[in-house]
Structures are given as C-alpha cells and as structure tokens.
Number of protein chains: 2
Amino acid sequence: MSVTLADVAARAGVSAATVSRVLNGNYPVAGSTRSRVLRAVDELEYVVNGPASALAAATSDLVGVLVNDIADPFFGVMASAIQSQIGPAGDHDAEAPHGQKMAIICNTGGSPERELTYLTLLLRQRAAAVVLTGGTVEDPDHLGALATRLRRLEAGGTRVVLCGRQPLTAATDGAAPGGAHGPVPGPEEDPGPAPVALTFDNFGGARRLTGHLLDLGHRRIGYLAGPAARTTTRQRLDGHRAALAAAGAAGGEAGTPEAERLTVHGGYDRASGYDGALELLRREPGLTAVVAANDTVALGACAALRERALRIPEDISVAGFDDLPFAIDAAPALTTVRIPLHEAGARAGRLALGREEAPAGRTATLPADLMVRASTAPPRP
Amino acid sequence: MSVTLADVAARAGVSAATVSRVLNGNYPVAGSTRSRVLRAVDELEYVVNGPASALAAATSDLVGVLVNDIADPFFGVMASAIQSQIGPAGDHDAEAPHGQKMAIICNTGGSPERELTYLTLLLRQRAAAVVLTGGTVEDPDHLGALATRLRRLEAGGTRVVLCGRQPLTAATDGAAPGGAHGPVPGPEEDPGPAPVALTFDNFGGARRLTGHLLDLGHRRIGYLAGPAARTTTRQRLDGHRAALAAAGAAGGEAGTPEAERLTVHGGYDRASGYDGALELLRREPGLTAVVAANDTVALGACAALRERALRIPEDISVAGFDDLPFAIDAAPALTTVRIPLHEAGARAGRLALGREEAPAGRTATLPADLMVRASTAPPRP
DNA sequence: CGTCCTGTAGAAAGCGCTTACTAACCGCGC
DNA sequence: GCGCGGTTAGTAAGCGCTTTCTACAGGACG
C-alpha cells in the first residue's frame, strides 16, 4: 500500500503522467520508456488506486448485478454467466489488466425497496453498467421509482440491461406471448431510450407445458403459482390458463371460482411447494396433475405427494419450470420448461459491456422449451 | 449526476465541509443547519460520489467475496448469508445510508490464478474486507502467492476472513480433526496475525458418515472424491478412510491398491457423479454403498445407478455431503452431512465488518452433523 | 470586564490519478 | 541555416470529497 504513481515515476525517472499513460496504453510512449516504467511497477509491486483513477477519469470498473436470491440456482446460474463475461477471463495470467471490470452481485431478496437502495448505491459508485435479473413486482409505484432510478443511471453514463424482465412498464401489459414491445414511457418525465432487455418466453413455455398435460388427458390440473403480483408469476400463470382455456378445461378462465380453487399462490421455495400441494389436494382430491411455478416448488410438491402415498407419475403428474440442474436428477426426472439461463446471462454481460449489439427493438425474447421427462404421464382411467 | 457537494452547499447556504459533516454524521452540526442541508440534498437528489469519498477518506465501502462457483448452491448459500450481513438491512426504507457496504462476489471458477487476480483487483479497489469461501488448491506455490496477497491486503487495512477454509499453510497439515491450529508462517516474510478463519469439520463429518455405513454392515464402499489436491476433497476423503481403517474395512489405508481402486476423483458436479459411479461399478461390481464428495455428485451417482437398474437403498446405499436444500427432496431422501453454510456465511460477514469478535485462536471449527435419511440401508445379505 | 472554554462553521490543503496543454527534440525541405 | 510537422515527455489543473486547522460567537468565570 501507499506506493503511488509518483513513487513509480521517480523510480523509473519519468513523470507521473508518463506512468499513467503506460499503464493505460492510451497514448504513444517510446518503447524504452515503457519498459523502464513497467520494470519499476513490477519492482515496487505497484497497484493502482481504483477510487483515485475512477474519480479522475469519471468512470469506474464496477458492474452491478441485481438478483432476487443468489442462493437460488436460477439466479446463481445467470449471475455466474454474467460474471464470466465481465470478470477476468482466462487463467493464463494472475495479473489484472487495467480497466478490468468487476461484478457486484446485489441480493435484493425480492424486496422492491432493497432493489432501489442497491440502485442508489450503484449510482453512488458510478457503476459502468447495471444488469437487473429476473422478474419484478408489478406495483406501479415501484415501477415508477425504478424507472426514475434507471433513467438517472443512464443519464450518468451507466449502461442498463434487463435480463429476464420486461422493459419496465411494459410489465403490466398482460400476457403478450411475443414480448417484443416498443418502449413505453413511464409516468411523466422523458423516458429516453428504453434499456435493452432480454426476456424469457414464460407465457409460451407455460402454455406448452400445460398443453402437454392436456394432451396426455389431464383435466383436473392444480397450479402452484409463485408470489402474486410479480411478472414472472403472472406470465407463467397466464400461459397455463391460456392453455386450459383453449382446451375448454377447468380453471382456464381467470377470476372464476374454478380457476381460483385450482391455484395456490406461494413463494418460489421448496416449502411453498410442499404446503401448496397439500392445500391443492385438500381443495380437489381428484387432482391428476400439479404444475409448479418452478422446479424448486415442484420438488417440494413431490415430497408432499409422496408422503400422501401418491406415486409420481402413476397416480399424479408433476411438472416444474426452469430446468435447473437438479431437475433431471429428481426421481422421477422432472418434466419442465427449459429457460436458457446461461445464454441469457452471458449475453446480458456482453450487452452491459457494450461488446454486443443491442437486439432490434432493444428487446429480445429467448425461447422456453418444453422438456418432457418421467414425472408426467397419462392420468389413471 | 453532476450534482456535487458544492451545489448542495450553495443551495443550503453553507460550506461544503458542513454538508460533508452532516452526511457523515461524525461532527457536531447544529440542528437547524442540519435540516437545511438535508432539505437541499433532497431537493437536488444529491448522491455522493463514491470514488471521490473513497479517495479522500482512504477507505471504501466494498467488501470482496471470493467463491469457486456462484451457480453452486454450496457457495450461493454462503454468499447470500454473507451479503445479508453486509448489504442494506431492512426493507423499511429505500434510502441508502452513508457508509453502506456492498459485497462484490467474485467467481473464481476454482482457478487459483483467477483467485489471485481477483485479490489484486480488490486490493486496487481498497476493499474494506475480503472473505474467501470454500476450500483451496493445496499447491505450495499458490499458497505462497496467496499468503503474500493477503498480507498486502491486511497491510492496507483490509480485513481478511476465511470461510470454510483452513488458515493458509495449515491446509497442508494432514487431516487434523480439530482443525484449531495456530498461525503458521508462510515461506519467508513476516506473517503478521493470521486471518481469522471459520472452518468446517469435513474430516469428522466424513468419518461419521462412513461410520454410519459401516454400522449398517457395509464393507465394500466406493468413494467419489472431488478434484484432487484441494483441501475440502482431501479432508473428506481422509475422514472416510479413517473410518474404514478404524473398522478394518477395505480401502482404509491410503496409498494401497485397494484404497485407490475404491476411489474415483472427479469434479464437484453432477456429471462427475454419474461417470464416477459407473466407473466404480466397473471396478467393483460387488459394491454395496457409494459415498460422494457432495450432494450434487451423489445425485449424479444415483442417476447412474438407477440406470443400471440398481434400487436405492435396497440394492445399494448412497450418501452425499453438505445437505444442500435439494438433498431432502431427492428420492429417496439423501443421507448426508449437514454443513452450517448459512450460519458460517453470516458469521463471516459479521467478522468482515468487525461486528463480531474473532474466535479464540482466530479459528473456529463449525460442526458437520450426520443426517441419516432414506438413501442408506443395510446391504443385502 | 477581560479571558477562556465550548460549540459550530469555514478555508484550504490534500487524497492519487487523468489529461489538456505546453515544451523539447528530431530530421526535413527549401 | 531556418522554420516546420511529428514524436514523445513534462507541467499543472483539476476530479469531488474529507479533514485539519482556524475563526468566531456566546456564556461562564475570576
């Protein structure tokens, strides 16, 4: 510590400016000078003072990544992919090049307030970019506050990328399958260009998944939804109901008692699946299938059903969503919908760094493919 | 952006110094002045310039967290717990208090080089603290470089905490069950105080786990080890062999052909478990139990065994390690060893912030409790 | 009534770096 | 021999904040 640019300069017999230029490589420096400086840097084990250079250059090497829950592999996988694009690349060299970015992963716990707090903190750090992952609360107040923060970030030169989330207010648009909306202005104020967004086809995936169950012959299908008023939850639920409605099956029409009865809202955790499955069974003992908001919930549901001595899939089918790594290893292997988390994260990371062109319309929707495995089968006659 | 302290000062009719003092609350300011300043801050939507204040105050709000693989719940859970102590607390308020810390989660991918790179980057940022999670490579060169980096960090005022890792060179000490070593000086140079460390009782947990299988009557037990030359891998393997040796069972003596034959090294991922189980079966068709380096590997092994038409636990027992959330939902529920990841992370976070006293001897070993579930049973006669 | 605290606020000197702007030097053509 | 572009290096002015030191009230006190 306390070895400064000036020390290096003195040792190399040049001015501080020259050292800075060698290190940043953004100005012609004679070869001999350059190597003299580099040697001094090495001998003194000089490490730049990040804050100082961020202040002087008015840019920082920090990239913020907001996630709901880093302990959840859904976010873990995305975060890992994002970081793989941002952090140090190969392992060939322990030296950290100048201008090397670092990701700050912020755990919001799904709390809108904390999300805003983190955005303020990132603004304070003058982050180079911010990636918001996963769905969000559909509360207009929150969305408004969010839009304001993001606008301020962008005004300050921070690149904003949404990964797995609708472009802001478009989130309240109902369940549009395609998802490719244009920018929608927030309340008052100039919206500026909408942040670039990568969204998942939750609606389409859910519709195909429930369609698969309907094709197998299921008609009494329970749904374990995630927390209410969140975009991801609603898109998946809407897809599910759209499939039911198209087949004229029970629960297809939102708001009807039938639909309410076959839907239980909970969290995205295992316990919600466990409790929710029991509740569904209580409400509708004749259930032949359960669709969960995600794989974790599905696993919890499986546990509950097994305790009730129901065999999967002989007595009851179960399906998840996301295709997290453990889905294929469940017994029986879980039928689910694959979300390209890794691809999405990697692409978001590149977009955040400006290393990839923004998609046309500033929004791209990634596919959600049905993965049929062993946890779903035709209902018993 | 571009609203500076001076702007706020002008608006409030005070000097910049006063505004700084109000914001930092570390100097007496008259109530009336204080509220005038706060109003100005509010009206101007002023946000401190983090780099500038870090430079002037020579401290930063950044805390580095190094993990091997953030997509792995083992690290995800710890990272989440660490952050819960460091990041914004309640959701009562969207305002970010001054001095609010942020965690930078760095994904090393298990690469020693990348670990060093990140440490340099953190040094550059003048991080307030650094938490290194999980085991490490046992290569003396790497350990030396690591010790040097950590010493430099500590010299610069960065607090260093190890979470789930032996205090540096103690890592090469053989499999000491207690783990409470004193500081061991690195090669040359003054060691200074060893970083505070929270370690897991991998050895003891593994020994109890294998002991459980032996008690059930198993004698031909295969072991799916993690990557060679990593502390966690070796401690668990050593514990396993210690239990075997104590019972006089096959494979208890390291280095013997028997021990080698019953051990397969791989990664900590699902595929390694799958491949490894098949390999074990090939080497020893009479296997009655498989112990895996962690739960993820165990799940992969289960998949492979099931494909070979072996029933768990009737035909073959399987055990994991860590007790990750999904272990209890495996079918059958996985017998494993519970590692208090959340508690460890939370405590490490508090230690990093200096909000908790370092344990006596600067090292505390956390218990690893055996969780007997349904995937283990007596072998068939 | 002058002095000495105590409580508040301002002036100003950096923190370590970047980056115009300026200066020196070189070889060149006229 | 002199002025001139082209290189390469140095000078110095900040970047926006913290913090020491100084200044100035207004009581309390002798």
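Chain letters run A, B, ... following the sequence lines, proteins first, then strands; residues in each count from 1. Keep in mind it's a predicted model, so treat the numbers as computed, not measured.
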Subject >> Touch class at under 4.0 angstrom, heavy-atom based, for Ala17(A) against every strand present >> reply: base
**OP:** Could you say whether Pro28(A) or Ala16(A) is positioned toward the 5' end of DNA chain D, judged by the nucleotide with the nearest heavy atom to each?
**Re:** Pro28(A)
**OP:** Give one of base, sugar-phosphate or nothing for Ser15(A), where a contact means two heavy atoms less than 4.0 Å apart.
**Re:** base
Original post:
When the distance from CZ of Arg21(A) to P of dA9(D) is rounded to whole Å, what number comes out?
Top reply: 9 Å
Original post:
Taking CG from Asn49(B) and P from dG16(D), how many angstroms apart are they, rounded to a whole number?
Top reply: 7 Å
Subject >> Between dG16(C) (P) and Tyr46(A) (OH): distance, integer Å >> reply: 10 Å
**OP:** Taking atom types as modelled, find out whether Thr120(A) and Thr117(A) have a side-chain donor-acceptor pair closer than 3.5 angstrom.
**Re:** no
**OP:** Calculate the interatomic distance between Tyr27(B) atom OH and dG7(C) atom P; express it in whole Å.
**Re:** 11 Å
**OP:** Describe the nucleic acid contact of Asn26(A) in one word from base, sugar-phosphate, nothing, applying a heavy-atom distance below 4.0 Å.
**Re:** sugar-phosphate
Original post:
Contact class for Ser53(B) vs. all strands (heavy atom < 4.0 Å): base, sugar-phosphate, or nothing?
Top reply: sugar-phosphate
Original post:
To the nearest angstrom, how far is Leu23(A) atom CG from dT19(C) atom C1'?
Top reply: 15 Å
Original post:
Does a side-chain N or O from Asn24(B) land closer than 4.0 Å to OP1 or OP2 of dT18(D), or not?
Top reply: yes
Subject >> Distance below 4.0 Å between Thr33(A) side-chain N/O and dT8(D) OP1 or OP2 >> reply: no
